[in-house]
Amino acid sequence: MRQKPVLLVIAHGSRDPRHAATVHALVRRVRSLRPGLRVETGFLDFNVPSVHGVLESLAAEGVRDVVALPLLLTRAFHAKADIPAVLRDAPPRLRIRQAEVLGPSPLLLSALERRLYEAGLTPAHKSSTGVVLASAGSTDPEAIAVIAAIAREWRHTGWCAVRPAFASASLPRTEDAVRELRELGCARVAVAPYVLAPGFLPDRIARGAAEADVLADVLGPAPEVGRLLLERYDAARAPMLAAVGA
């Protein structure tokens, strides 16, 4: 019986030890959701193992098929350039398919709301609460447009208002979006970090949320994020199975 493709989760990496710890917690979540699936983790920078090192090890073991899943919320530079470049340098015996990035997805909106409720809000607060959808930011116009579209979509689920904000590269900043929601007359303002793991930019988001009433945690190993990784894996795996008649 042909082995299932290995799922290689590709994270950016960070000097902040909380980043790798959160990535590993998310990978454990994925393993718990699908026992028997081999899930490996590789980092682009700062942390080990490197993506290249993991691919070399898999090839040495005789692994043939790999689904490489970018642990990214938008299709910005890392998804378009960095990760494809690393995968092109993989051992030639490996058949690798790059999965789509995680966002946008209804599961991410569910995870954002989970974090807001864990921080103290309830569904009864939605209509009177303005939310700042605070992302890391990007110089890629496509990524910025996606964040703005997510904010518009999320607003239609019952929140008083939703405004996008960015920790770098783009405007507005989190603190500016918080003030705008105050001026709109929202009874309370919550900041929902649209980031997967702690680090330098999430800390900047937290500082920008100083005047907000509620600051949610990063998405991290939320159950919805784990399920989303498996959705992306399955979608990328399907053509690989069809190609071999599995």
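Residues: numbered from 1 along the sequence shown.
Looking only at distances, a side-chain donor or acceptor of Arg115 sits under 3.5 Å from a matching main-chain atom of Val218. Formation of a donor-acceptor pair under 3.5 Å by the Thr157 side chain with backbone atoms of Glu153 is not found in this model. The closest donor-acceptor contact from the side chain of Ser170 to the backbone of Gly137 lies at 3.5 Å or more, if one exists at all. Side chain of His19 to backbone of Gly13: a donor-acceptor contact under 3.5 angstrom is found. Remark: side-chain polar atoms of Arg15 are not paired, donor with acceptor, to backbone N or O of Phe46 under 3.5 angstrom. Under a 3.5 Å cut-off, the side chain of Asp89 and the backbone N or O of His52 do not form any donor-acceptor pair. Lys4 places no side-chain N or O within 3.5 Å of a backbone atom of Arg38 that could act as its donor or acceptor partner.
Interatomic distance, CG of Leu116 versus NZ of Lys126, reported as 9.5 Å (0.5 Å rounding). The line from CD1 of Ile144 to OG of Ser135 is 6.0 Å long, rounded to the nearest 0.5 Å. Between Arg114 atom CZ and Leu107 atom CG the span is 11.0 Å, to the nearest 0.5 Å. The distance from the OG1 atom of Thr122 to the OH atom of Tyr117 is 7.5 Å, given to the nearest 0.5 Å. Atom OH of Tyr194 sits about 11.0 Å away from atom CZ of Phe166, to the nearest 0.5 Å. In this structure, CG in Asp16 is found 11.0 Å from CZ in Phe200, a value given to the nearest 0.5 Å.
Val132 and Leu112 are not part of a single hydrophobic cluster, where members link through side-chain heavy atoms under 4.5 Å apart. Hydrophobic clustering (ILVMFWY, side-chain heavy atoms < 4.5 Å, transitive): Leu181 and Val162 are in distinct clusters. Following chains of ILVMFWY side-chain contacts shorter than 4.5 Å, one can reach Val131 starting from Leu219, so the two form part of one hydrophobic cluster. Cluster annotation: Ile205 is not connected to Leu71 through the hydrophobic network of ILVMFWY side chains, with a link wherever side-chain heavy atoms come within less than 4.5 Å. Linking ILVMFWY side-chain heavy atoms closer than 4.5 Å, directly or via other members, places Val225 and Val30 in a single hydrophobic cluster.
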May I have the step-by-step check of side chain to side chain contact (heavy atoms under 4.5 Å, CB included) for Ile147 and Thr74, ending in yes or no?
CA-CA 8 Å; Ile147 299 300; Thr74 60; 3.9 Å; yes

Would Arg64 and Gln3 satisfy side chain to side chain contact (heavy atoms under 4.5 Å, CB included), going step by step from the backbone distance to the final call?
CA-CA 9 Å; Arg64 186 76 170 115; Gln3 289 185 334; over 6 Å; no

Report the C-alpha distance between Asp140 and Lys80 in whole Å, list the side-chain angles of each, state the deciding distance to 0.1 Å, and finish with yes or no for salt bridge (Lys or Arg N to Asp or Glu O under 4.0 Å).
CA-CA 10 Å; Asp140 188 310; Lys80 295 177 179 178; 2.8 Å; yes

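Take His24 and apply the ring pair (Phe, Tyr, Trp, His ring centres under 6.0 Å) test, not counting sequence neighbours, and it matches Phe43. The side-chain hydrogen bond (donor to acceptor under 3.5 Å, both in side chains) check on Ser128 picks up Arg188, with sequence neighbours excluded. Contacts of His125 classified as ring pair (Phe, Tyr, Trp, His ring centres under 6.0 Å), with partners at least two apart in sequence or in another chain: none.
Pairing each heavy atom of Leu201 with each of Ala167, the nearest pair is O-CB, 3.8 Å. Listed here is the closest heavy atom pair of Glu224 and Ser110: CG-CB, 3.9 Å. Among all heavy-atom pairs drawn from Ala222 and Ala111, the shortest one is CB-CB, 4.1 Å. The two atoms that bring Ala76 and Ser138 nearest to each other are CB-OG, 3.7 Å, heavy atoms only. The nearest pair of heavy atoms linking Pro70 to Leu102 is O-CG, 4.2 Å. Nearest heavy atoms, Pro164 versus Pro172: O-CG, 3.4 Å.
Side-chain contact check for Pro198 versus Thr22: some heavy-atom pair is nearer than 4.5 Å. Residues Arg232 and Ser105 are in side-chain contact: their nearest non-hydrogen atoms beyond the backbone lie under 4.5 Å apart. At least one side-chain heavy atom of Val39 sits under 4.5 Å from a side-chain heavy atom of Val9.
When hydrophobic residues (I, L, V, M, F, W, Y) are linked wherever their side-chain heavy atoms come within less than 4.5 Å, the members clustered with Leu44 are Val6, Leu8, Ile10, Val51, Val54, Leu55, Leu58, Val63, Val66, Leu72, Ile83, Val86, Leu87, Leu94, Ile96, Val101.
For residues 86-114, no residue pair satisfies the ring pair (Phe, Tyr, Trp, His ring centres under 6.0 Å) rule, not counting sequence neighbours. Sorted by first then second residue, the side chain to side chain donor-acceptor pair (under 3.5 Å) pairs that include residues 198-213, not counting sequence neighbours, are Arg18-Asp203, Arg182-Asp213.
Among Arg34, Arg97, Arg227, the one residue that satisfies the salt bridge (charged side-chain N to carboxylate O under 4.0 Å, His left out) test with Asp234 is Arg34.
Ion pair Asp176/Arg163 not flagged as a salt bridge, since none of the NZ, NE, NH1 or NH2 atoms sits closer than 4.0 Å to an Asp/Glu carboxylate oxygen.
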